[in-house]
Amino acid sequence: MILAFLSHTWKKFSRSVSFGKEVVTSIFLGFFALMMVIYSLALGFALDHIITTTLNISDSVTFLNGILFYYFGFEFMMRYFLQNLPVLDVQPYLHLPIKKSSIAHYLLGKSIIHVLNLLPLLLFTPFAFMVVAGKESTGAAWSWIGSIWLLSLSMHYIVILFKKQLDDSVWGFLLLISLFSLLGASDYFGWFKVSELSAPVFTFIIEHPAGIFIPLLLLALLYLINFRFFRQSMYIEDLAAQKESTTVTTHFDFLNRFGAIGEWINVEIKLILRNKRPRNILFLSGFFLFYGLIFYTNKTYTEGMPGFLLFVGVFVTGIFMLNYGQFLFSWQGGHFDFIITQPISMREYIQSKYWLLCSVGLICFMLSIPYVYFGWKILLIHTVAALFNLGVNTFVILNIAMWEPKKIDLDKGAAFNYEGVGAAQWLMSLPVILVPYVIYTPFSLMGYPNAGLVAIGVIGLFGIALHKQLIDLTTKRLIQKKYDMAARFRKE
Amino acid sequence: MILVKELKKEYKGSSVVNVSELSIPRGESFGLVGNNGAGKTTLFRMILDLIKPTSGEVTINGNNVQLNDEWKKQVGSFLDENFLISYLTPDEYFQFVGKLHGYSQEDMKNFYSKFEELFNGELIGKNKRIGDLSKGNLKKAGIAAAFIGNPEVIILDEPFENLDPTSQIRLKDLLKKEQQERHLTFLISSHDLNHVTDLCNRIVILEKGQVIKDLKGENTLAELEEYFKA
């Protein structure tokens with residue numbers, strides 16, 4: 001039975017439309033995965049050296065034991081974002097003479113195959129055998145690394161339970177954030193130290209290798225809970241109930257003043273708020289607004305590399321535009337035929353897209369204004385980046401998004417979801433990020449970096465001033481391309 | 001009203017639709033029949049400017065559908081699920097289409113009362129998204145939306161498929177009534193010969209993209225059955 005499931009899973013994967021066709025994406029992903037494995041392994045080998053030499057802490061084992069709980073906290077966050085619920089399309093199997101428990105076992109067992117379950121082994125195995133084994137015994141090293149791995153796997157099942165209960169809702173996310181902020185704050189203010197809890201646990205395991213049975217029991221218990229949960233919820237309603245059906249009314253009446261264009265923007269706002277993948281992009285963009293904090297707080301960047309800040313500026317003010325815009329038409333792939341047959345001219349349609357991108361760009365810019373705290377220079381960079389985003393990048397995105405778009409299933413999550421990604425998506429970020437540099441670099445080399453920034457802003461202003469003409473040109477292109485686009489969307 | 005001229009669509013050299021001339025006057029009830037792959041949906045899609053013809057043109061009220069958007073106010077259509085927005089509730093979807101046609105609240109009320117019977121209390125006022133509707137209700141929502149704006153022409157692909165018998169009869173009555181009251185022109189395709197002959201005063205048989213027969217008047221059912229027997 002398990003073999004049959006495995007073959008079905010493989011067939012589903014290998015026969016899916018995107019498989020094999022997206023060579024660029026597959027190569028990139030493979031490369032990315034390899035890099036991550038190599039980096040993690042390298043970090044694992046360097047761990048002892050980093051702790052003893054760089055951090056200057058002599059007892060690296062106790063120190064590492066102390067921060068392991070933080071590592072698990074971090075791992076939990078990673079898992080929350082990157083781990084998907086194990087699903088096999090169960091429905092076609094339910095009426096067949098197959099035990100429900102074997103379906104549940106299969107789902108849970110298969111879910112173990114995940115990069116994140118390899119991560120702790122890559123990170124800590126070198127340390128276990130190079131340091132722990134040398135200090136205590138090889139048995140202790142086995143027990144230590146084994147316990148870490150078992151705890152990591154327990155985390156795996158906790159995340160599945162957690163996600164299944166809360167199903168990616170905003171609340172689950174907020175709950176996590178507040179929990180971790182609380183722990184962080186308590187550590188900071190000294191009410192309660194996580195490290196003091198973490199160190200004894202792992203020291204105990206090193207001293208008593210038989211202690212590995214505790215995490216083993218924990219894992220078994222969590223597996224059992226998950227199993228019962230899965231077995232019980234193997235009904236069509238339960239499987240379908242994973243889709244949320246609460247529909248919050250979000251209608252911005254003030255947009256009505258803009259007639260049909262306002263109506264289309266309203267519908268697109270609903271598209272973003274009500275579907276998992278675009279909503280995730282929205283949240284993620286909110287996060288990236290804080291991206292600047294990494295760089296602006298660091299003098300190496302603010303004083304040493306002014307050019308680099310331009311990249312940060314374009315990114316902070318334009319992240320949503322880029323992320324959402326790369327699929328600008330694909331989002332509506334499911335009802336593109338509707339759009340074509342409705343009484344809206346293609347120009348109005350382009351206008352609605354343009355104004356949506358512009359308003360979001362403007363909102364991102366305004367939210368980034370507090371960065372002025374780190375200096376007026378940063379406000380200047382953000383202003384020119386925003387002008388460039390509104391004047392030039394909007395049209396770059398509009399036009400590239402028309403290039404061989406693919407339909408997107410709105411309900412699937414965003415992490416590691418490469419549906420709809422084609423060459424255009426990889427290419428799009430190039431002009432958006434690079435062109436500002438093309439303008440900036442000559443000025444900077446001649447010794448006038450500020451003039452370079454102003455030039456970017458001026459070009460952005462030109463784009464804004466000429467937006468009517470640019471919209472006309474874009475509309476012309478859409479009228480030519482719409483048949484091809486509609487055909488692609490219909491094909492799935 | 002609708003004029004199809006020398007319309008051809010070829011995919012990789014093989015012809016899918018090839019109609020030399022087809023004129024549909026105002027107020028006509030036009031039925032399109034043909035076996036699978038005959039090109040019915042492709043023809044409808046070209047009339048609605050969803051597919052670019054290899055050659056030839058379609059005009060609606062003298063406007064070439066490829067060249068402007070004016071005709072869209074005069075044509076209501078529902079071909080498949082790609083016409084619906086899955087993440088909206090039916091209410092929101094109707095309101096949205098209504099606004100596109102400049103509907104007031106009063107117009108909306110009239111629309112709802114017109115379709116109250118067909119909806120059978122299932123579509124309106126429910127907090128359920130279109131994507132979660134059953135196939136029959138999905139069809140009803142799409143068909144109803146095609147009527148918004150009181151268009152002169154309504155184009156429906158397989159409107160009776162998935163509908164329950166009561167709704168099939170109600171839909172037929174609705175189309176007939178609209179035709180009598182305001183000279184509605186409608187184009188439907190169907191595999192159900194009884195419905196088509198009951199509803200349409202002109203029936204065209206399409207085979208391999210070509211108009212094989214153009215039937216009008218009485219006795220069409222017998223002729224159709226004769227044709228499809230072979």
Side-chain angles (χ1 to χ4, degrees), chain A residues 240-241 243-251 255-256 259-264 266-279 331-349 407 409-411 475 479-487 489-492, chain B residues 9 11 41-42 44-54 65-93 95-103 126-133 142 145-146 148-149 151 153 155 157:
Chain A
K243 273 202 223 156
E244 56 186 319
S245 260
T246 44
T247 304
V248 195
T249 317
T250 36
H251 200 82
L255 285 172
N256 291 355
I261 298 171
E263 284 303 323
W264 283 97
N266 245 327
V267 166
E268 197 149 359
I269 291 173
K270 286 192 184 108
L271 184 153
I272 296 169
L273 294 179
R274 288 184 186 179
N275 294 292
K276 225 185 214 175
R277 196 162 160 197
R279 199 172 44 206
W331 296 120
Q332 294 171 321
H335 53 270
F336 198 69
D337 282 356
F338 167 76
I339 293 164
I340 299 182
T341 49
Q342 282 307 300
I344 175 175
S345 68
M346 287 297 116
R347 189 171 197 280
E348 284 173 306
Y349 180 54
K407 188 168 140 184
D409 187 345
L410 291 163
D411 268 333
T475 309
I479 290 173
Q480 283 171 8
K481 298 222 75 171
K482 66 176 181 184
Y483 306 102
D484 173 56
M485 288 163 70
F489 290 144
R490 255 177 248 130
K491 241 189 271 170
E492 297 268 318
Chain B
K9 181 69 196 178
Y11 284 111
T41 311
T42 310
F44 279 170
R45 281 189 178 145
M46 282 196 282
I47 292 176
L48 291 167
D49 196 31
L50 289 167
I51 290 180
K52 199 177 194 170
T54 313
V65 291
Q66 278 190 62
L67 301 181
N68 66 48
D69 299 305
E70 275 312 297
W71 56 274
K72 290 179 185 173
K73 286 251 185 212
Q74 296 141 17
V75 181
S77 55
F78 179 67
L79 302 191
D80 52 42
E81 280 148 43
N82 287 333
F83 281 58
L84 296 166
I85 304 181
S86 60
Y87 53 86
L88 296 182
T89 66
D91 271 320
E92 288 169 332
Y93 179 70
Q95 298 274 1
F96 174 59
V97 180
K99 285 214 178 104
L100 293 176
H101 285 274
Y103 260 29
K126 294 277 162 63
N127 213 359
K128 200 173 182 185
R129 296 189 194 177
I130 291 178
D132 299 332
L133 293 177
I148 293 177
V153 184
I155 301 179
D157 195 13

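Below, read A as the first sequence line, B as the second, and so on, with proteins coming before strands; counting in each chain starts at 1. Heavy atoms only: backbone and side chains are in, while hydrogens, waters and symmetry mates are out.
Counting heavy-atom pairs under 4.5 Å between each of A/Val267, A/Ile340, A/Thr341 and chain B puts A/Thr341 at the top. With respect to chain A, the highest number of heavy-atom pairs below 4.5 Å among B/Val97, B/Val65, B/Ile85 belongs to B/Ile85. With chain A as partner, the option from B/Asp49, B/Leu84, B/Leu50 having the largest number of non-hydrogen pairs under 4.5 angstrom is B/Leu50. For chain A, the option among B/Lys73, B/Arg45, B/Glu70 with the highest count of heavy-atom pairs below 4.5 Å is B/Arg45.
Looking at heavy atoms from C-beta onward, A/Gln342 lies in side-chain contact with B/His101 at the 4.5 angstrom threshold. In this structure the side chain of B/Tyr87 reaches within 4.5 angstrom of the side chain of A/Leu271, judged on heavy atoms.
In this structure, no portion of B/Leu79 lies under 4.5 Å from any heavy atom of chain A. For a residue to count as touching a neighbouring chain, one of its non-hydrogen atoms must lie under 4.5 Å from one of that chain's; by this rule B/Leu48 touches chain A with backbone and side chain alike. A/Ile344 touches chain B through its backbone: at least one of N, CA, C or O sits under 4.5 Å from a heavy atom, while the side chain does not. Only the side chain of B/Tyr93 comes within contact range of chain A, with at least one heavy atom under 4.5 Å from a heavy atom of that chain.
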Determine whether B/Met46 and B/Thr42 satisfy the following criterion, side-chain contact (heavy atoms from CB on, under 4.5 Å), listing intermediate values before the conclusion. CA-CA 6 Å; B/Met46 282 196 282; B/Thr42 310; 4.2 Å; yes

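Smallest separation of non-hydrogen atoms from B/Lys126 and B/Thr89: O-CB, 4.2 Å.
The salt bridge (Lys or Arg N to Asp or Glu O under 4.0 Å) test applied to B/Glu81 returns no partner, not counting sequence neighbours. Residues satisfying the side chain to side chain donor-acceptor pair (under 3.5 Å) criterion with B/Thr54, sequence neighbours excluded, are absent altogether.
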